[in-house]
Amino acid sequence: MKAVLDADEASELLRASIAGELPDERGRFGPFGGRYIPETLVPAFELLERGIREYLPSDEFQQEYRTQLRDWVGRPTALTFAARLSERWGTKVWLKREDLAHTGAHKINNAIGQALLARKLGARRVIAETGAGQHGVASAAACARVGLPCRVYMGVVDMQRQAPNVDRMHRLGAEVFPVESGDKTLRAAIDEALREWVSDPAGIYYLLGSAVGAHPYPYLVRELQSVIGTEARQQMQDLAGGLPDVAFACVGGGSNAIGLFYPLLGDSDIELIGVEAGGTGDGLGQNAATLATGTPGVLQGCYSIILQDEHGNIQETHSISAGLDYSGVGPEHALLQALGRVSYVTASDDEALEALQELCETEGILTALETAHAYAAAKRWSRDNPGKRILIGNSGRGDKDMPTLARYAARTNANAAA
Amino acid sequence: MKAVLDADEASELLRASIAGELPDERGRFGPFGGRYIPETLVPAFELLERGIREYLPSDEFQQEYRTQLRDWVGRPTALTFAARLSERWGTKVWLKREDLAHTGAHKINNAIGQALLARKLGARRVIAETGAGQHGVASAAACARVGLPCRVYMGVVDMQRQAPNVDRMHRLGAEVFPVESGDKTLRAAIDEALREWVSDPAGIYYLLGSAVGAHPYPYLVRELQSVIGTEARQQMQDLAGGLPDVAFACVGGGSNAIGLFYPLLGDSDIELIGVEAGGTGDGLGQNAATLATGTPGVLQGCYSIILQDEHGNIQETHSISAGLDYSGVGPEHALLQALGRVSYVTASDDEALEALQELCETEGILTALETAHAYAAAKRWSRDNPGKRILIGNSGRGDKDMPTLARYAARTNANAAA
Amino acid sequence: MQPHERIGEAIIAANKDGRTGLVPFITAGYPDPGTFASSLQAIAEVGDVVELGVPFSDPMADGMTIQRSSFAAIENGVTLTWIFDQLDPLQGSIDAPLIMMSYLNPLLAFGYAKLASRARETGVCAFIVPDLPYEESAEISAALDAEGAGLIQLVTPATPADRLKLLASASRGFLYAVTITGITGGSSGLPPDLAGYLDEVSAVSPLPVCAGFGIRTAQDVDSVGKHAAGAIVGSALVEVLERGEDPAAYLRQLR
Amino acid sequence: MQPHERIGEAIIAANKDGRTGLVPFITAGYPDPGTFASSLQAIAEVGDVVELGVPFSDPMADGMTIQRSSFAAIENGVTLTWIFDQLDPLQGSIDAPLIMMSYLNPLLAFGYAKLASRARETGVCAFIVPDLPYEESAEISAALDAEGAGLIQLVTPATPADRLKLLASASRGFLYAVTITGITGGSSGLPPDLAGYLDEVSAVSPLPVCAGFGIRTAQDVDSVGKHAAGAIVGSALVEVLERGEDPAAYLRQLR
Ligand SMILES: Cc1ncc(COP(=O)(O)O)c(C=O)c1O
Ligand SMILES: Cc1ncc(COP(=O)(O)O)c(C=O)c1O
């Protein structure tokens, strides 16, 4: 496993990537990806992989999936021209409105697709992990929609900072399982869900929420999220009169970003920029800037870039946004970074807060804290690129973040008063 | 002013209503409607009426409005076939998904339309009232989008029971003005907003949130909300294979209901049913069942059906849903009831809670408490009408209701334990 | 002479005395229904015309003071019926013509025909209905006219000239000139261009013009009196009652 | 003889003694890094093969007990480097072959070549890598092989026959038969169809089969021993250490 590519390998991998040939048979995106799982889970993954191979490309599944996206999720989501923001920034800013999707974020595209798959595979129940709670809510809703019981694993730290989403999951009939182990956030929740899956690999479907983990999840999630970029590409041509010069998306595990970027990979004139959580600073544990500061390693099933110490222990992370607060990242992003096709930058907690407020006041859109990171980076970029066309993946709405925002506002006020 | 019509009058009014000839020049829907306002507000209303006459039908305004609806609000909203609910109820249930509109309810259709109008009229700032907070959030967002400052009047009782929406308004840059007078809910908030308007009729635009009040508001709001019914009618033909047998909508002031019903009035085979808040019982003050139990009178600018005592004082109301908790109703509904074209029924607090939960668990849709009343009535109707096609106006999402739901769940659990 | 004509006459009589006509407003039955009759009599001794507020649950055109008095009076059981019943035994003991201020809905609920006849029986000569613009007033005007009672129209600084003429000619008793574009009880004082506005209204009006909103002091009455026939004192008087002070004494120092 | 061959030999020797091979598992440096060397020596007196757990921040295949011990060990500074350094001076004083259980990432971070040589130097004969399925194991296997160390493969009751054969032939040291489809430390006891499963695995495996997961009592060791060559005792032993009890005594009563 090596993460450095020579020029020939790189250009071949870029071609393969654009051509849709990745991941390969073994679940690899170049050096990244693969399937690092306990032997106990091997049958479950093989079942899943066979299911995906059989159902995902089938007309029947695709039609069922497209129908749910249109009639229940509310796709296509809008493309909004942000006139007042554009004026402030000096660029032309277009927003792909995943916040308008049912349950309020892009997560639902993946959740309903996998819930349909779970039903096809004959699962008796579904488990899922969640960080910000958006994937948990999306999973709860999708499972209700297809008629499967759902249990969501959630770290107790996240349960606290995303309390509104916990209530929503309960309302939607899901069980929320509080995870007290490990870092008590998303990473621990994934571990806990995997442990549960082992107990009944055939009866349980594990509905993973981002483009991470062992093969075939990064592939499956990308396929289900690509609708974002496919729609946005068409809408830019229809409404903006042409493709963007640059596209921004925030990167936690990387699902909304890969969903937006993947259909644009072949448009070599479009600059693609992923934005990670810069947290409170550059120090270890102060951020979740995996691609920006991490190193290659294996975490939760795949070889990718991760945040780890010299002994290979995973680093705890910090971000104001629960959804970006993860020490790993999808392997396809690791490849796209290695290839130089996508660049990855960071935005700090404070920059995200400021960007969130600016968008509220100029466009009347309360975006998710995760998403706000993409705005902060896009604003910076605008300074050096006046007049350019920017596409931003507005991955979710910020209603869930009200308690966090209130806490930070209180802190800021207290500082101001002091 | 008389509220009883003879047969000839009635059939002529029904024709006029379907033909779009109402309200008449004086703002009348048959006997109902009109403009009962202080002389101090007359210039403001005349300005507004002239503005509406000049701009609303213009191609320029319509195009601007349609563009905002498509690109910012996210219209058309989806039409969802509720497969599992249909199976339970024995009918075929279709949902018009206003919960997917930006900010989470139909209120935004009206708010952005009026905000555009306010800008055209040269207003320096916008004021609005809110009950459930949905119209306040929608107004705050719409004003941010068009670049006008916004102040929202909200009763302190409502501020408490819809706390998440208060935070959202603040985030969106609006000022929330706590109304301590009167019943401290929607009615008092409207009074307070009108009082403020008087202080600067030319500089202020009053963005009213429902199809109530003095002419031209009931007309204006209906025109802006009719997009709901127009889309739903087309979608039923495209997706359901034909028009519904019946359409249900909850009725507070009546804006989502008139928006859904108005484009269906001419389809005489479609039964139209408005659902009011039955609260905790039939007693005065226990509900907000205006049309079901009220009498003709003048409240806040128009002659309609209202809840009042024998002395003409307005009755306080109760509903679990802040958005239905109003003693009046739009004058067009009063006419449609008098004509027998729409029937108005009630659903109790408990029925609404139960319906909300059923929808969550069968379709993965967390609907607003207001909206839940429509489901409760539709479920009852299904018992006697197996196999029929039902269209339900899913006016908003229930995220804002989480605190209320938590309170009621706690009460129910306490009862169960006792 | 029709009852409503008594109103203008009372104002003009005051003017002839070299005084500004004084029109005190009280919310009927506030703060204490038990003292309504006696305080009305005391006020009517000083006022040239007395305006009685009928409490209503939605006083949308009023400020905090009158809202508060209105809600309290309703709590204490004050209704239009009750007010008329209180006035019955006072017939003959009150010289000043009475007018009533009421939002439309209580009048609608009472019934227009009965309203007009009870008004005649109890010496109520005219009505001010703050949420009834001229355009919607034909029906109630007709009913009141039949019993000699009138509807007092309001004009404001924002009323265009045409409309001012229309309202001036439609009014009965006096023409109510609202001094500010706001609600009752504003404490911001009188506007600077008041004189010009009141002169203009007075020039157009065939009836005496009474100015209202924001009049609290003898100096206010004085400055209004230079350009209008009468001054209406509302919120300030209600506050006097609220504080339990002597309304007649307060009114006397305004004259 | 390659180091990894010592493992099977030790198990077979126990069997020849009429005993089930006993493979105690401890999390290295838990509960107290200071007593690691001495408790390892005590345990190695009783165990036929000793399995040392390398603590990792994400022990996804482990239950609460081993998670807890793993996090505590990391807190106390236990790393792979530290473990090897502790083993150096013990060379010659421990007869039982050692194996290491580690998730992949700490091994990756350490480097495969260095891992293999340090293993040879410190008497670590094989590795169990719970998150490394056979398909991903070629690279590390090659590195270990070069130094005579091996990779122990795991099979489970859900492993299909073909795959069982593949894993059995790929394993080094022994073949690890997971008794339950769950995580370590389950308290649900051993499954009823255990015998058949272990017989089947033993029939296929060219190496001794050791059963692990859920083995806590002498009776468990006994029933496992009828159908497998060895028994791995993990969570139960870690709990003994956690409670500060004597691990050697606990292990002795299992034999
Ligand atoms: C709104 C929103 N955006 C982004 C993310 C980050 O996830 P991903 O990188 O998989 O898109 C989350 C995760 O919860 C989210 O809720
Ligand atoms: C979701 C929702 N539905 C319905 C209503 C009731 O208002 P209307 O009758 O004007 O549609 C409200 C009011 O706030 C609401 O928020």
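Basis for what follows: all heavy atoms, side chains included, without hydrogens, waters or symmetry-related copies. None of these values were measured; they are calculated from a predicted model. Numbers restart at 1 for each chain; the letters A, B, ... are given by sequence-line order, proteins then strands.
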**OP:** Tell me, out of A/Gly147, A/Ala174, A/Gly173, A/Gly74, who's got the most heavy-atom pairs with chain B below 4.5 Å.
**Re:** A/Gly147

Original post:
What part of A/Leu79 is in contact with chain B, defined as an atom under 4.5 angstrom from a non-hydrogen atom: side chain, backbone, both or neither?
Top reply: backbone

**OP:** Locate the shortest heavy-atom distance separating A/Cys360 from B/Ala144; write the atom from each residue and the value.
**Re:** O-CB, 3.3 Å

Subject >> Region of B/Arg97 that comes under 4.5 Å of a non-hydrogen atom in chain A >> reply: side chain

Original post:
Backbone N or O of A/Asp399 within a donor-acceptor pair of the B/Arg168 side chain at under 3.5 Å?
Top reply: no

**OP:** Grab the two heavy atoms, one from A/His102 and one from B/Leu100, that are nearest each other, plus how far apart they are.
**Re:** CA-CD2, 3.4 Å

Original post:
Is it the side chain or the backbone of A/Arg70 that comes within 4.5 Å of chain B heavy atoms, both, or neither?
Top reply: both

Original post:
Of all of B/Arg397, B/Met402, B/Lys400, which one pairs up most often with chain A through heavy atoms under 4.5 Å apart?
Top reply: B/Arg397

Subject >> Structural part of B/Asn165 lying under 4.5 Å from a heavy atom of chain A >> reply: neither

Original post:
Between atom CG of A/Asp401 and atom CG of B/Asp167, what is the distance when rounded to the nearest 0.5 Å?
Top reply: 12.0 Å

Subject >> Engaged part of A/Ala101 at the chain B interface, taking heavy atoms whose separation is under 4.5 Å >> reply: backbone

Subject >> Taking every non-hydrogen atom, the tightest pair across B/Ala78 and A/Asp71 >> reply: CB-O, 3.6 Å

**OP:** Below 4.5 Å from any heavy atom of chain A, which atoms of B/Arg84 appear? Answer side chain, backbone, both or neither.
**Re:** side chain

**OP:** Sort A/Thr77 into side chain, backbone, both or neither according to what part of it lies under 4.5 angstrom from a heavy atom of chain B.
**Re:** neither

Original post:
What part of A/Leu95 gets closer than 4.5 Å to chain B, counting heavy atoms only: side chain, backbone, both or neither?
Top reply: neither

Subject >> Proximity breakdown for A/Ala138 and chain B, heavy-atom pairs closer than 4.5 Å >> reply: neither

Original post:
Using a cut-off of under 4.5 Å for heavy-atom pairs, which of B/Gln357, B/Glu363, B/Glu361 has the most such pairs with chain A?
Top reply: B/Glu363

Subject >> Exceeds 12 heavy-atom contacts within 6.0 angstrom, atom CD of B/Gln160 >> reply: no

**OP:** Give a yes or no on whether A/Gln62 atom CD has more than 12 heavy-atom contacts from other residues, nucleotides or ligands under 6.0 Å away.
**Re:** yes

Subject >> Per-residue contact mode, A/Val137 against chain B (heavy atom under 4.5 angstrom) >> reply: neither

**OP:** Looking only at non-hydrogen atoms, find the nearest pair between B/Ala83 and A/Arg145 and report the distance.
**Re:** N-NH1, 4.3 Å

**OP:** Tell me, yes or no, whether the heavy-atom count around A/Glu175 atom CD, taken from other residues, nucleotides or ligands under 6.0 Å, exceeds 12.
**Re:** yes

**OP:** Specify the closest pair of heavy atoms between B/Ile365 and A/Trp72, including all atoms of both residues, with the distance to one decimal.
**Re:** CG1-NE1, 3.7 Å

